[in-house]
Amino acid sequence: MKTEVLEKKRSMTGAEAIVHCLLKENVDTVFGYPGGAIMPFYDALFDFQNDIKHILVRHEQGATHAAQGYARASGKVGVCIATSGPGATNLITGIADAQIDSTPLVCITGQVASKLLGTDAFQETDVVGISMPVTKWNFQVTRAEEIPVALAKAFFIARSGRPGPVLIDITKDAQFGSFEFEYEPCAKVRSYVPEPLVEIEKIKEAAHLINNATRPLVLFGQGVILGDAQEEFKTFIEKAGIPSAWTILGLSALHNGHPLNVGMLGMHGNYGPNLLTNQCDVLIAVGMRFDDRVTGDVNKYAKQAKVIHLEIDPSEINKIITADVAVLGDCKRTLDLLTQEIKQNKHSNWLAQFRKCDDLEYQKVGKQELHPSADKEISMGEVIRIVSDKSKGNAIIVTDVGQHQMVAQRYYEYTKWRSNITSGGLGTMGFALPAAIGAKVGAPERLVIAVIGDGGIQMTIQELGTIFQYGIDVKILLLNNEFLGMVRQWQELFFDRRYSFTEMVNPNFQHLAKAYNIPSYKVEQRKDLEGEIEKFINHRGSYLLEVKVGKENNVFPMVPTGASVSDIRLE
């Protein structure tokens, strides 16, 4: 039985108003952790449990990552709740992660009573000041009547333009205070322009460069996903016949098997798109920001190429790589306009160069990673490829940060939209487990697999309790090499194998899983691998599969820090 949603103006408390604002914004799930300063809201929420599902996480950082996973899987705004002081500060890592990865969140925190602000009261922290650098917008509410306008504005800013996190801090007395509630959704904020006007002249300039290019290359990022522009993007590259490479957040915007998909950019990306970036004559960046992991040494990056940058956020234009033509606007619209202006084309000889690079990479790297000899330890790559085959590439893969992250993104054959959820810009260890919870809640019909290393899982392992309490069907693939693997790899290659504090002494993960009533199994021999992965994927309910992989296996290709993308190494 759904609780009746308020339609007429009436008097209510600020706490009740928060709930009604969430209902007006069609919020169906929030992730949170109660405490003293947010208790009035939780009391009001008690009467609306049929309308808003509350997921009690085990740590506030888990709430932000779960809200991120929910937003990335569903395309909606993620919502998380915390109390004041340590509750609010525990959100900061996840908020910073959401800011750099353009994930729409509304974070609501309780605060001490307004008369106590600035007195160092119990559990008082200036979360507005602390979060200002890592939010798209934040605001402190001190009067009940401010709540509807503040939350309407929060949802509008979080989801519009380039999405991002917003924080609303609400004092306890504002939650207790009463006023005549009325809610008006926000559609405009003075001086805020979420979507720049498209300049048709820039579209024509970009089309001219593309039509005259002989070696064009498209780099696509998460902007294609955030703009819901997968069809427009596919139509554009197919008409122009341009090889297209993805950033780690752009992954799954284009089917991995598409003939124009040439792979992953960046430090541990594919050989071809990295090497040939410095041989293309026109570089078309779509919804990506030229992160340092993509560019390597910017002084040696695509100097021979004309650069076209399609971007919704003007601040990203010329920030790192100077654009010859900047096309501002939502890429769903700009791609459509650009497609109308370009000529039908093919670049078969140019595309063939990428395929030659693929063959070389397979011989040097992929063959050993995907098909190691019987005397070799289990590799991460062979595990991921079996998972991909058994799930038919249909799963949402939520990765943590490290070697397993790079391997999962390179060797899982993504076939569906919004299937890759990872911490890109901030690189937050501990992201995957709570984010997978949010992803499953946001897309309950999808198979969700969290791919995690033995280091990352222990940063937020308490969220097994959340999975247990709510019966959330998350499959946890734990690739255990008993090292902080990526750091160890750098220590091997650049610090003379001085493995300084990177070896892990781990707990018995099966015992931990059993404590949370989660079935588990540990694979240590290759003969058990395929069968246990099939069992893992087909199991109804949550499951933890631990696989012991090679302790000192490295991830290649690799662009060394500070090097040019042309210096990419295969070994």
Side-chain angles (χ1 to χ4, degrees), residues 196-225 227 229-247 250 253-255 258-265 270 272-290 294-295 301-314 316-355 357 565:
L197 289 174
V198 178
E199 297 180 53
I200 299 301
E201 189 57 39
K202 296 295 184 183
I203 296 285
K204 291 181 182 297
E205 288 179 31
H208 176 75
L209 288 177
I210 293 168
N211 288 335
N212 289 281
T214 57
R215 299 183 311 280
L217 174 61
V218 167
L219 315 179
F220 64 95
Q222 191 184 200
V224 177
I225 296 171
Q230 69 272 29
E231 290 304 322
E232 289 81 2
F233 178 75
K234 183 168 168 282
T235 301
F236 164 68
I237 64 168
E238 287 178 348
K239 184 176 182 181
I242 304 178
S244 302
W246 36 270
T247 69
L254 182 69
H255 191 303
H258 192 284
L260 292 172
N261 190 331
V262 295
M264 176 179 168
L265 297 161
N270 293 106
N274 278 294
L275 183 71
L276 297 178
T277 291
N278 280 353
Q279 296 181 33
C280 69
D281 59 354
V282 175
L283 191 68
I284 306 120
V286 183
M288 55 85 71
R289 58 186 182 83
F290 290 110
V294 165
T295 64
Y301 184 80
K303 291 300 181 182
Q304 78 294 337
K306 295 290 185 182
V307 176
I308 300 167
H309 196 173
L310 279 68
E311 176 60 53
I312 198 169
D313 183 356
E316 292 295 344
I317 300 294
N318 300 329
K319 187 173 83 174
I320 297 169
I321 299 298
T322 301
D324 294 280
V325 180
V327 180
L328 287 170
D330 188 329
C331 67
K332 189 175 183 70
R333 180 158 184 246
T334 57
L335 282 168
D336 184 50
L337 291 169
L338 189 54
T339 302
Q340 295 174 39
E341 295 289 332
I342 61 175
K343 297 174 183 176
Q344 192 82 32
N345 208 340
K346 287 186 178 180
H347 296 279
S348 302
N349 292 337
W350 172 234
L351 181 60
Q353 292 188 44
F354 288 89
R355 299 312 174 202
C357 289
V565 289

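FYI, the numbering just counts along the sequence from 1.
Residues Met288 and Thr247 come closest through the heavy atom pair CB-CG2, 3.9 Å. Closest heavy-atom contact between Asn278 and Ala302: OD1-N, 2.7 Å. Nearest approach of Pro273 to Ala245, heavy atoms of both residues: CB-CB, 3.6 Å. Contact detail for Ile225 and Ala253: the closest heavy-atom pair is CG1-CB, 3.8 Å. The two atoms that bring Leu338 and Ala206 nearest to each other are CD1-CB, 3.9 Å, heavy atoms only. Nearest heavy-atom pair, Asn318 versus Thr322, reported as atom, atom and distance to 0.1 Å: OD1-CA, 3.4 Å.
Between the Arg215 side chain and the Trp350 main chain, no donor and acceptor come within less than 3.5 Å of each other. Looking only at distances, no side-chain donor or acceptor of Lys343 sits under 3.5 Å from a matching main-chain atom of Ala240. A donor-acceptor pair under 3.5 Å is absent between the side-chain atoms of Asn211 and the main chain of Ile342, judged by distance alone. Side-chain atoms of Asp324 come within 3.5 Å of backbone atoms of Val307 as a donor-acceptor pair (strictly under, hydrogens ignored). Between the side chain of Asp281 and the backbone N or O of Thr214 there is at least one donor-acceptor pair closer than 3.5 Å.
Trp246 is not listed as a side-chain neighbour of Val218, based on a closest heavy-atom distance of 4.5 Å or more. For the pair Ile210 and Pro216, the minimum side-chain heavy-atom distance is 4.5 Å or more. Residues Leu328 and Ile317 have side chains in contact (heavy-atom distance under 4.5 Å, counting atoms from C-beta outward). Inter-residue side-chain proximity for Glu199 and Ile203 is flagged as unmet; no heavy-atom pair is nearer than 4.5 Å. Using a 4.5 Å cut-off on side-chain heavy atoms (C-beta onward), Leu283 and Phe290 make contact. Side-chain atoms of Ser348 and Leu351, non-hydrogen and from C-beta on, never get closer than 4.5 Å to each other. Contact check for Arg333 versus Val198: side-chain heavy atoms found under the 4.5 Å cut-off. Residues Thr295 and Val565 have side chains not in contact (no heavy-atom distance under 4.5 Å, counting atoms from C-beta outward).
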*Can Lys234 and His255 be said to form a side chain to side chain contact (heavy atoms under 4.5 Å, CB included), step by step?*
CA-CA 9 Å; Lys234 183 168 168 282; His255 191 303; over 6 Å; no

_Let's go through Glu201 and Lys204 carefully: what are the C-alpha distance in whole Å and the side-chain angles of both, what is the deciding distance for salt bridge (charged side-chain N to carboxylate O under 4.0 Å, His left out) to 0.1 Å, and is it a yes or a no?_
CA-CA 5 Å; Glu201 189 57 39; Lys204 291 181 182 297; over 6 Å; no

_Candidate pair Cys280 and Gln304, rule side chain to side chain contact (heavy atoms under 4.5 Å, CB included), full reasoning_ = CA-CA 7 Å; Cys280 69; Gln304 78 294 337; 3.9 Å; yes

*From CA spacing to verdict: side chain to side chain contact (heavy atoms under 4.5 Å, CB included), Tyr301, Val294*: CA-CA 10 Å; Tyr301 184 80; Val294 165; 4.1 Å; yes

*Give the intermediate values and the outcome of side chain to side chain contact (heavy atoms under 4.5 Å, CB included) for residues Leu219 and Val286.*
CA-CA 6 Å; Leu219 315 179; Val286 183; over 6 Å; no

*After noting the C-alpha distance and the side-chain angles of Glu232 and Lys332, does the key distance pass the salt bridge (charged side-chain N to carboxylate O under 4.0 Å, His left out) rule?*
CA-CA 6 Å; Glu232 289 81 2; Lys332 189 175 183 70; 3.0 Å; yes

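Counting heavy atoms of neighbouring residues, nucleotides and ligands inside a 6.0 Å radius, atom CG of Leu197 does not exceed 12 of them.
If you take CG on Asn212 and CG on Asn345, they are separated by 10.0 Å, rounding to the nearest 0.5 Å. Taking OG from Ser244 and CZ from Phe233, the interatomic distance works out to 4.0 Å, rounded to the nearest 0.5 Å. If you take CD on Glu205 and CD on Glu341, they are separated by 12.0 Å, rounding to the nearest 0.5 Å. Once rounded to the nearest 0.5 Å, the distance linking OG1 of Thr277 with NZ of Lys303 reads 13.5 Å. Between atom SG of residue Cys357 and atom CG of residue Asn270 there is a gap of 10.0 Å, rounded to the nearest 0.5 Å. Taking CG of Leu209 as the reference point, atom CD1 of Ile308 lies at 4.5 Å (rounded to 0.5 Å).
Gln340 and Asp336 form a side-chain donor-acceptor contact under 3.5 Å, judged by distance and modelled atom types alone. With no hydrogens or angles considered, a side-chain donor-acceptor pair links Glu238 and His258 at under 3.5 Å.
Evaluated for a side-chain contact (heavy atoms from CB on, under 4.5 Å) with Ile237, the options Leu254, Thr339, Leu335 yield exactly one hit, Leu254.
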